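To keep things clear, I will list the structure first and then write my remarks on it.
All ligand and atom numbering here is 1-based and tracks the order in the structure. Predicted model, so just to flag it, every value in this text is computed and none were measured.
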Amino acid sequence: MSQLQSPRGTRDILPDQQGLWQHVYKVGAQVADQFGFAPIKTPHYEYASLFQRSIGAGTDVIDKELFLLKHRQEEGEENQYALRPEGTAGIVRAFIEHGLHLKPQPYKVYSFVTNFRYDRPQKGRYREHTQFDLELFGDTSPFADAWIILAGWQFLTSVGLPAQELELQLNSLGTSAERSAYIEKLKEFLQEHQTELSPDSQVRLTSNPLRILDSKDQKDQQLLDNAPILTDAFGQTSKEHFEAVQSYLQTWDIPYNLNPRLVRGLDYYCHTAFEFTTKGAGGQQSALGGGGRYDGLITALGGPDVGGTGLGIGIDRVVEELERLNQYPVMDAPFRIAVISNPATRTEALKTLKQLIEHGYAVTFSEKEGFGSQLKQADRQGTTLAILIGEEELAQNTVTIKNLANAEQSTIQKSDLLAHLKQARQL
Ligand code: HAM
């Protein structure tokens with residue numbers, strides 16, 4: 001460590017930057033509740049093999065970005081840990097481990113997950129990021145996919161992102177058999193143009209050909225204009241599933257673009273795959289979130305034959321987008337009370353302070369000399385009311401209440417204080 005600074009690709013979110021973050025967390029929890037998702041928390045690290053088996057070798061997330069923890073001799077190499085790069089694998093592991101398929105289905109959970117990916121840091125791309133993650137188990141219907149997308153849409157618009165700034169990219173990846181057959185066709189097509197492909201795509205031609213569809217390279221994209229299309233190779237069931245998802249979205253007026261090149265960076269998806277994007281600064285597309293169906297994943301990890309579908313929305317990017325669009329929510333100012341005293345009345349003031357805390361009020365207190373400086377400090381801390389206890393109040397069993405917004409004040413019996421505050425809080 002040459003300098004005292006946070007590690008590359010990580011950030012501190014200081015108290016004065018917390019407003020939007022807390023707002024986004026709050027809306028996330030509300031929307032999850034609206035849609036029937038219960039909170040879950042899983043560890044920040046898991047056995048590395050869990051991620052390898054679910055996200056898939058050959059993906060960037062596993063091959064290039066996984067934070068492997070140096071394993072201890074006594075743990076054995078097969079027990080190596082990794083910081084989680086995403087939330088789904090750990091939640092699926094918990095679903096299997098705790099036999100949650102025996103609970104009433106569909107089983108719906110949400111989590112705010114902090115993830116770690118050894119990415120090249122840039123705006124919107126960090127080595128530590130947070131996602132709002134929704135997972136729905138035990139329902140293989142198109143409705144479940146549409147329900148997840150609706151929840152994501154509701155979250156993004158409720159946090160304050162204008163609907164016209166959002167785009168939903170939609171694709172279907174079919175079944176694994178359909179995908180395998182398609183990959184062969186795609187490979188055949190690309191092999192004919194191998195030398196024209198970007199170096200990255202040439203490597204992927206053997207490691208993960210489907211991901212070439214996702215290439216940002218312009219020449220690759222031109223080539224792909226003539227490539228075979230995955231959904232063209234679908235059987236009846238996959239076609240119907242995809243059409244049904246679209247029909248729900250149409251009923252709900254959620255606009256979407258069919259994007260046959262959307263393949264996602266994680267290998268566990270089948271059928272529905274989607275991303276919410278925004279034009280972002282400089283008109284550059286940026287993915288705010290994404291998800292899809294992952295029916296084979298639970299069995300692949302040794303669990304029951306239960307389907308799953310879910311979504312992860314990047315909170316870091318959502319916050320940056322709200323800032324860019326100047327969408328600051330109106331926050332409720334907390335109802336905070338200051339207790340003002342002098343050395344002679346301090347004991348009484350401290351007792352009052354404790355009483356207020358016990359009744360759930362936000363408080364502030366200072367032992368500064370003089371009412372004036374205590375009131376000034378209270379004002380700086382966004383206090384609504386000040387309770388003044390001087391010698392006269394102490395002698396007469398009263399308190400003086402001062403409204404810091406308009407400087408109005410009145411003296412009341414101490415025994416009436418709580419009733420008075422209750423009324424004031426409701427105004
Ligand atoms: P993902 O597309 O890899 O999906 O990530 C979801 C979102 O997390 C991205 O769209 C982006 O907003 C945010 N994100 C990803 N990486 C970074 C990064 N390095 N820095 C900042 N933000 C980032 C998943 O992770 C899946 N687990 C989603 C899912 C849940 N699918 C089914 N269930």
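- Within the 4.0 Å heavy-atom criterion, the part of L288 lying near ligand 1 is the backbone and not the side chain.
- For atom 7 (C) of ligand 1, the closest non-hydrogen atom on the protein side is G312 O, 3.7 Å.
- Salt-bridge formation is detected for the pair E321/R324: a Lys NZ or Arg NE/NH1/NH2 atom is positioned less than 4.0 Å from an Asp or Glu carboxylate oxygen.
- Ring pair F155/F132 is tilted by interplanar angle, where 30° to 60° counts as tilted.
- Between E275 and R264 a salt bridge is recorded (basic side-chain N to carboxylate O distance below 4.0 Å).
- If you check which protein heavy atom lies closest to atom 31 (N) of ligand 1, you get Y269 OH, 2.6 Å.
- An N or O contact shorter than 3.5 Å links A287 to ligand 1 by distance.
- Counting heavy atoms under 4.0 Å from ligand 1, residue E135 touches it through the side chain alone.
- Of all non-hydrogen atoms in F234 and G174, the two that sit nearest each other are CZ-N, 3.2 Å.
- Protein heavy atom at the shortest distance from atom 20 (N) of ligand 1 is Y126 N, 2.9 Å.
- With L156 as reference, L166 is the one residue of V27, L166, L168 to meet the side-chain contact (heavy atoms from CB on, under 4.5 Å) rule.
- Taking only nitrogen or oxygen atoms, main chain and side chain alike, G289 reaches within less than 3.5 Å of ligand 1.
- Residue, atom and distance of the protein heavy atom nearest to atom 8 (O) of ligand 1 are Q131 NE2, 3.1 Å.
- Residue contact check: G291 has heavy atoms under 4.0 Å from atoms 31 (N) of ligand 1.
- A 4.5 Å side-chain heavy-atom check between V31 and Y110 finds every atom pair outside the cut-off.
- Close approach of ligand 1 to R125 (heavy-atom distance below 4.0 Å) involves ligand atoms 19 (N), 20 (N).
- Taking only nitrogen or oxygen atoms, main chain and side chain alike, L266 does not reach within less than 3.5 Å of ligand 1.
- Annotation: atom 21 (C) of ligand 1 to nearest protein heavy atom, G124 O, 3.2 Å.
- Comment: D267 does not engage R211 in a salt bridge, judged by the lack of any side-chain N to carboxylate O separation of less than 4.0 angstrom.
- Taking every non-hydrogen atom of D133 and a distance limit under 4.0 Å, the qualifying atoms of ligand 1 come out as 30 (C).
- A salt bridge is defined here as a Lys NZ or Arg NE, NH1 or NH2 lying under 4.0 Å from an Asp or Glu carboxylate O, and D295 with R293 meets this definition.
- Remark: ligand 1 and L311 share an N or O pair separated by less than 3.5 Å (distance only, no angle test).
- Atoms of ligand 1 lying under 4.0 Å from at least one heavy atom of E86, given by number and element, are 25 (O), 26 (C), 27 (N).
- Here's the thing with D316: none of its N/O atoms is less than 3.5 angstrom from an N/O atom of ligand 1.
- Side-chain contact annotation: S215 with D220, donor-acceptor N/O pair under 3.5 Å present.
- The closest approach between a heavy atom of Y268 and any atom of ligand 1 is below 4.0 Å.
- In terms of protein heavy-atom proximity, atom 13 (C) of ligand 1 is nearest to G314 CA, 3.7 Å.
- For ligand 1, the atoms sitting less than 4.0 Å from at least one non-hydrogen atom of T88 are 26 (C), 27 (N), 29 (C), 30 (C), 31 (N), 32 (C), 33 (N), numbered in the order shown with element in parentheses.
- Between Y25 and W21, the ring planes lie tilted relative to each other; the angle falls in the 30° to 60° range.
- Separation of atoms CZ (R425) and CG (L385) is listed at 11.0 Å; rounding is to 0.5 Å.
- A donor-acceptor pair shorter than 3.5 Å cannot be found between the side chains of D200 and S198.
- Remark: distances from the non-hydrogen atoms of G265 to ligand 1 are all 4.0 Å or more.
- Scanning the protein for heavy atoms near atom 3 (O) of ligand 1, the closest one is R117 NH2, 2.9 Å.
- The shortest N or O to N or O distance between D119 and ligand 1 is under 3.5 Å.
- Under the 4.0 angstrom criterion for non-hydrogen atoms, R264 is in contact with ligand 1.
- Residues L322 and G160 share a closest heavy-atom pair of CD2-C, 3.8 Å.
- At a cut-off of 3.5 Å, with distance as the only test, a side-chain donor of T88 or Y268 sits close to an acceptor on the other residue.
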